[in-house]
Amino acid sequence: MPAFLLSRFLQSAVLLVIVSIIGFTVLNLMPGGPLAQYGLDPGMTMDDMERLKDQLGLNRPIWVQYFDWAWRLVQGDWGTSFRDGTPVLSVIGRHLFATLLLMGSSTVIAIAVGTWIGIRGATHRYSLFDYVATIGAMVALSIPTFWFGLVGIYVFSLKLGWLPAGNMYTIGDGSVLNYLHHLIMPSVVLALVHIAIWSRYMRTATLDVISQEFVKTARAKGVTERRVLMKHVVGNALLPMITLAGVQLPSILTGALVTETVFTWPGMGRLFLDSLGYSDYPVVMGLLMFSAILTIAGNLIADIVVALVDPRIRLA
Amino acid sequence: MTTLTATQAPVRWWQSRVMRRFVGHRLALLGLVMISALALICIIGPYLLPYDSLYIDLRARFAPPMTGQHYLGTDPLGRDIAARLFMAGRISLLVGFTAMVLATLVGTLVGVIAGYRGGWISAVLMRTVDGFLSYPSIFLLLALSAALKPSPMMITVIIAITGWMEVARIVEAEVRSLKEREFVLAGRMLGLSRMHIMFREILPNVTGPIIVAATLTVARAILLEAYVSFLGFGIQPPLPSWGNMLNGAQQYLATAPWLAIIPGIAITIAVSSFNFIGDGLRDALDVRNDTL
Amino acid sequence: MTKSFGTRAGYSRRHALQLMAAGGTVGLLGPQLLGKPAFAQTPPPAPTGRVVVGLSQEPTVFNPLMPHLEVDDGVDFSIFDALFRINPEGVIIPNLAVEVPSQDNGGISEDGLQWRIKVRDDVRWHDGTPFTAEDVKYTLELIVNPDFRAWRTTGHALVHDITVVSPTEITWRMEVAFAPYLSFLTETFIVPKHVLETMADLNENAFNQAPIGTGAFKWGKRVAGDHVELVANLDYFGEGPYIEQLIFKYIPDNTVLYTQFRSGDIDLVGQAYITPDNYAEAATLADRVVTLVPKASVETIYLNMERPQFKELAVREAIYLAIDREAIIDALNYGVPTVTETFMPKQSFYFNPELPKHEFNLQRAAQVLDEAGWLPGADGIRAKDGVRLAFANSTTAGAHLREQAQQFIQQTLAEIGIEMTIANLPSAVMFGDFWALSQFDTAMSGITYLIGADPDVTNRFHTKAIAAQGGRGSNNAQYSNPEVDALLEEGSRTFDPETRRAIYFKVQEIVRRDLPFLPLFANTSVFGHKAGLQGFVSNSNTRTESWHAAGWYWA
């Protein structure tokens, strides 16, 4: 186990270096740069631009900039945003809550609805419900999320006027109810894909359990079907649920990006798009590293949990 | 890396194969019919319509669907949406398909080499795969399409760049498990070249998973094109694509909702079709790897 | 609490001009003369209520001397004061200064080199420390401090020998006479010396995140990615504030911005404003005031004059003739913007109304090209001496109205054998080197030519401002005309408004003839606010709708 951990950690470290190099290169390949936002300002002269580039260290060779950035990162300094001069970690921190709220509620919805659909589909196999759920899941995976969001806004905000078209809360009304009201549409839209994946998974897991001898035995002994199902299905599903959650950690950034854009949600996805738009390199790099670390950590945790729980899997 | 396959194993949700085959095959057939019909309409449709997809007529702006001969209405420049939808379909499908071919080629190449050679070559290749995978693909897409001039070919390449890793992973795992098999060992003993063994002996045995992955890659590529073009970074006007038809639709959501609804439905149909087909193929070819 | 309530007289342009010419007289009347119409209601005795301003970009820079965008201006104008302000009529009026210096009142020496400014003695920073001329000196020196990431330094770099004569008086010497500087000072907000002196780092410090100014509003808090909250400064020396809370809310999508205005979540639509397609509907909303406000920017197609296609005037004229501007304005932009022939904002005193009128005439365009020897080739595209009349047009990707105009123009040009391709870029790419170093064939954008309200356009049209040829400005069209150069040099040395007016009329005439850019229309914003919000006045001479939030109040 320790040897396995060590090797995984080493691999992860190498991976992070690769990720950061690719990210830095791609970012710097992008013409324009952080000063492009002032390109239309009639009062900014070329001299001003050159001076600012010097002051921001953008005139140095790319590799010097990279090593400078990497060396600071190793020392725990994530740099400061070009845009507002605040430390990158605090910029990320300020947007974390909104994203966590959105991801959290959508995950709850996905697991709740997905579990229900999955189990019902398995217990009513080949029923109309099962077919609709099967096809529905595939279609759900095929709908462009941003489009689904747009249709949602059209129907529920513009036509029916039931739900707000965007934002996390109304200014001056920070009540829980107000948050919930704003949360409904984006979290459902975001949950759609996960409901699809999760319901398929639960269906299979339930079918596995149903077909097993001990369930038949239990049923014969007069234990109610519901209790048997709940006990075994949930028991068996716990492990993959953890794995899935681990693998989905990084989607804190990617998963929410589209939804946050459409619903003007003040989270990390928006921050990422905004920062990319302003070529705010330190923040973009910070978000990338944050996401990479989450990905790697997610995989690592999933691996370890699986290894701990399932002795059949030999650790490489 | 046994751990890797083990990680993903529990996510599979298609283990009761009999049922899945049953549904899957029907769905696959449906998918095949849907995508063929869509492709056919996109190819011949423009010849049947009285409008050119690029012709701007400001007097006919924002005509709702079913007005006169504008069956699907017109866009903010008075162009016929049906004509644009079909032309856009050609482009979106072509981009999706070509991106898939590129991604599959690269992914297969990397996968076969990494899987067969092992050692440091594999380590470098597969860590690079991991590296690419740990990015939000939207980041690579946006940054690259900003860095390079967004011609349709370039968008295709960029989408391929963000989509080859899954194929590589699948192929690598398969090849690794195959390379100690008797037929490979026999080939080695016969003194066959490495190239020959890799691409003539092993590769044919991996086609199943590759085909499945390729089908799902098309679906993904179409979605990505749509998203990138929606954000304005993809296919550039006046050339229509399903994605860039949606670009700007949000602005007219209240007054001209058909601008947003119609292309979205086309995308959903196309992507569902490929997902249906991929799912069916997976059953038929008995592929157990997950690519979702 | 001292508040000055002055007469609220309406101003005619003539009156404003007299004042401008007279210079100092305005100073005596104080900062309440912000061109405000008289209202039936009177402001409340103590600040009450809250105003939420919706913005499509997020204000993030709160040190007004550091590089920032239009959206940041709204916050800066509310928290800080400058020596002078510029009112909606384009008249410079005192803010922290007691009077506006001029050659007439002796504030500026006859040669334009010696400046003497008297500042108020009744101003306190938000932390209670009195404001003095030392703060002005510190501010002007900070801008040119090489360690400080300053915003614009044009003009400031010419200032030398800054001397604080007394806490209420400061003098300096200019390297050369530079008339636009007065206007630049209206956008140079004064920062507190006693606070910034204690900061270890000039660029990254606590002040930037919780600024201290002298303005009508004090810093409240910021919820990153969402909003900035300011609160009333009860000790403000000038008029107002009448509202307790001023909130700048970030709503990144124009559609949502409008939806929230309609639903009443925001009280005032700020930066990016109401999109033209929503104007008609917005105008019918109950309890909302929706107005068209001319902007300082002109929608233009820049022609890169160094491209072989555009060297010939006939080509530029023909393309201009082949653009159906009326259709672009009326159909694509819902009649919101207005026609213009020049870079000068229409509301400016320096606007030349006598320029030749544009005409959409495809036949005439074809004829001009035929006569100049640009004849259709085998592919139907005109060419001359091996140069095809083909070019790319670039604009910001995702700017829907511009993209529509582009495609419309493309179709019209194709009819007379001109090939225009579309190559749009994200704004972060477009306005980098691509724009600055003139790497485009043609570019479409809304361009602001003036800094503040000063008519000086050296930066845009002087030969020395061609960055692509080693110059230091933003002459992105690479336009070069010695006659214009000479006029511009004369204009920046001249202080008298009437003389300058003649100079810039001439400049506009020549530029209109040379067509280094094709003016499409004068940009117009659709402003909207709740009917109950009183005291709201727009000001095209500033970059923000919130230039005078101090005067806002609820009826």
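Chain naming here is simple, since letters A, B, ... match the order of the sequence lines and numbering starts at 1 in each.
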Tell me, for [X] versus chain A, whether the close heavy atoms (under 4.5 Å) come from the side chain, the backbone, both or neither.
X        : result
C:Leu425 : neither
C:Tyr449 : backbone
C:Val223 : side chain
C:Pro252 : both
C:Pro146 : backbone
C:Thr255 : neither
C:Asp201 : neither
C:Asp253 : both
C:Phe184 : neither
C:Leu437 : side chain
C:Thr153 : both
C:Ala465 : neither
C:Arg472 : both

Given that the side chain runs from C-beta out, which part of [X] has a heavy atom under 4.5 Å from chain C: side chain, backbone, both or neither?
X        : value
A:Leu276 : backbone
A:Asp274 : side chain
A:Thr170 : side chain
A:Arg51  : side chain

Closest contact, heavy atoms only, [X] versus [Y]:
X        : Y        : answer
A:Gln55  : C:Phe148 : NE2-O, 2.8 Å
C:Ile451 : A:Pro42  : CD1-O, 3.7 Å
C:Ala428 : A:Ala36  : O-CB, 3.1 Å
C:Ala224 : A:Arg94  : CB-CD, 3.2 Å
C:Gly225 : A:His95  : CA-NE2, 3.6 Å

Check the side chains of C:Glu58 and A:Tyr278 for a donor-acceptor pair under 3.5 angstrom, ignoring hydrogens and angles.
no
Would you say A:Asn167 and C:Tyr250 are linked by a side-chain donor-acceptor pair, where the criterion is simply a distance under 3.5 Å?
no
Taking the basic N atoms (NZ, or NE/NH1/NH2) and the acidic carboxylate oxygens, is any pair closer than 4.0 Å for A:Asp84 and C:Arg222?
yes
Between A:Asp41 and C:Arg152, does any NZ, NE, NH1 or NH2 come within less than 4.0 Å of an OD or OE carboxylate oxygen?
yes
Specify which of [options] makes the most heavy-atom pairs with chain C at under 4.5 Å.
options                             : result
A:Ala165, A:Pro31, A:Ser157         : A:Pro31
A:Gln37, A:Met49, A:Arg270          : A:Arg270
A:Thr45, A:Val91, A:Leu271, A:Leu52 : A:Leu52

From the list C:Thr154, C:Asp226, C:Val61, the residue making the most non-hydrogen contacts under 4.5 Å with chain A is C:Asp226
Find the one option among C:Asn476, C:Thr448, C:Ile447, C:Thr259 whose heavy-atom pairs under 4.5 Å with chain A are most numerous.
C:Thr448
For C:Trp435 and A:Leu40, indicate whether the former's side chain and the latter's backbone hold a donor-acceptor pair under 3.5 Å.
no
For the CZ atom of C:Arg149 and the CG atom of A:Leu56, what is their distance to the nearest 0.5 Å?
4.5 Å
Quick check for you: to the nearest 0.5 Å, what is the distance between C:Glu204 atom CD and A:Ser81 atom OG?
9.0 Å
Please determine whether the number of non-hydrogen atoms from other residues, nucleotides or ligands lying under 6.0 Å from atom CG of A:Leu160 exceeds 12.
yes
